[in-house]
Amino acid sequence: MSFTLTLSNVALVKAGAYANSTITLSNTILSQLSDEAEAMIFAVTRKDWVADYSSVKTNAKQFLSEVASSHIAMQIINYDMGVYTSRAEAQTMLDILDDKVKRGLQYLSLQETKDAIKV
């Protein structure tokens, strides 16, 4: 179910101004990337956040969005790193987003986090 945990514009902002327009203008590709991010979050945390989304506290929804949108943005950047001002710029963006995804998944995997963010 595409874009339950985040919005496409959030991921596009994180991918930056130079993101390849083939992806940024394709709803089909963005939806697929969203589905993959949501599935990855489910698989790593062993919780179906999409199915339980209505029972998640408002602030926790923003945290889920942070993880999902960062993962989507990484895929957008990775598609064409050559459009950025330098490869180092693209790599730095990927590193920052990767850190957000890893930290988010680490916290979302904890049972105490799962218990705390439900309504």
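Since this is a predicted model, take the numbers as computed values, not measurements. By convention here, the first residue in the shown sequence is residue 1.
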Run the salt bridge (charged side-chain N to carboxylate O under 4.0 Å, His left out) test on K61 and E66 for me, step by step, so that the C-alpha distance in whole Å, both residues' side-chain angles and the decisive distance to 0.1 Å come before the verdict. CA-CA 9 Å; K61 288 179 179 179; E66 173 74 9; over 6 Å; no
Which heavy atom in [X] sits nearest to a heavy atom in [Y], and how many Å separate them?
{"X": "A37", "Y": "A68", "result": "CB-O, 3.9 Å"}
{"X": "W49", "Y": "V56", "result": "CE3-CG2, 4.1 Å"}
{"X": "Y84", "Y": "A19", "result": "OH-CA, 3.5 Å"}
{"X": "K114", "Y": "T45", "result": "NZ-O, 2.5 Å"}
{"X": "A73", "Y": "A11", "result": "CB-O, 3.5 Å"}

Walk me through it: do Q32 and I29 pass the test side-chain contact (heavy atoms from CB on, under 4.5 Å)? CA-CA 5 Å; Q32 178 63 37; I29 294 171; 5.7 Å; no
If hydrophobic clusters are built by linking Ile, Leu, Val, Met, Phe, Trp and Tyr wherever their side-chain heavy atoms come under 4.5 Å apart, do F63 and V101 end up in the same one?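 Yes, because F63 and V101 connect within a single hydrophobic cluster, where side-chain heavy atoms sit under 4.5 Å apart.
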Just one of V50, D48, V67, L33 clears the side chain to side chain contact (heavy atoms under 4.5 Å, CB included) bar with E38, so which one?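 Among V50, D48, V67, L33, the one meeting side chain to side chain contact (heavy atoms under 4.5 Å, CB included) with E38 is V50.
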Surrounding [atom1] of [X] (heavy atoms of other residues, nucleotides or ligands, distance under 6.0 Å), is the total greater than 12?
{"X": "Y107", "atom1": "OH", "result": "no"}
{"X": "Y18", "atom1": "OH", "result": "no"}
{"X": "K57", "atom1": "NZ", "result": "yes"}

Please evaluate residues D35 and F3 with respect to the criterion side-chain contact (heavy atoms from CB on, under 4.5 Å), reporting the C-alpha separation (whole Å), side-chain torsions for both, the decisive distance (0.1 Å), and the verdict. CA-CA 7 Å; D35 290 343; F3 294 108; over 6 Å; no
Nearest 0.5 Å, please: how far is [atom2] in [Y] from [atom1] in [X]?
{"X": "I77", "Y": "L94", "atom1": "CD1", "atom2": "CG", "result": "5.0 Å"}
{"X": "E112", "Y": "I117", "atom1": "CD", "atom2": "CD1", "result": "11.5 Å"}
{"X": "I72", "Y": "I23", "atom1": "CD1", "atom2": "CD1", "result": "11.0 Å"}
{"X": "M74", "Y": "M93", "atom1": "CE", "atom2": "CE", "result": "11.5 Å"}
{"X": "S8", "Y": "L30", "atom1": "OG", "atom2": "CG", "result": "6.0 Å"}
{"X": "R87", "Y": "T92", "atom1": "CZ", "atom2": "OG1", "result": "11.5 Å"}

Under the criterion side-chain contact (heavy atoms from CB on, under 4.5 Å), I'd like the reasoning laid out for L110 against Q106: C-alpha separation, chi angles, the key distance, then a yes or no. CA-CA 7 Å; L110 299 172; Q106 179 183 12; 5.6 Å; no
Contact between [X] and [Y] at the side-chain level, heavy atoms closer than 4.5 Å - yes or no?
{"X": "L108", "Y": "V44", "answer": "no"}
{"X": "I76", "Y": "N20", "answer": "no"}
{"X": "M40", "Y": "L105", "answer": "yes"}

Could you go step by step and tell me if S70 and K14 meet the side-chain contact (heavy atoms from CB on, under 4.5 Å) rule? CA-CA 7 Å; S70 294; K14 289 180 180 183; 3.1 Å; yes
Taking atom types as modelled, find out whether S65 and T6 have a side-chain donor-acceptor pair closer than 3.5 angstrom. yes
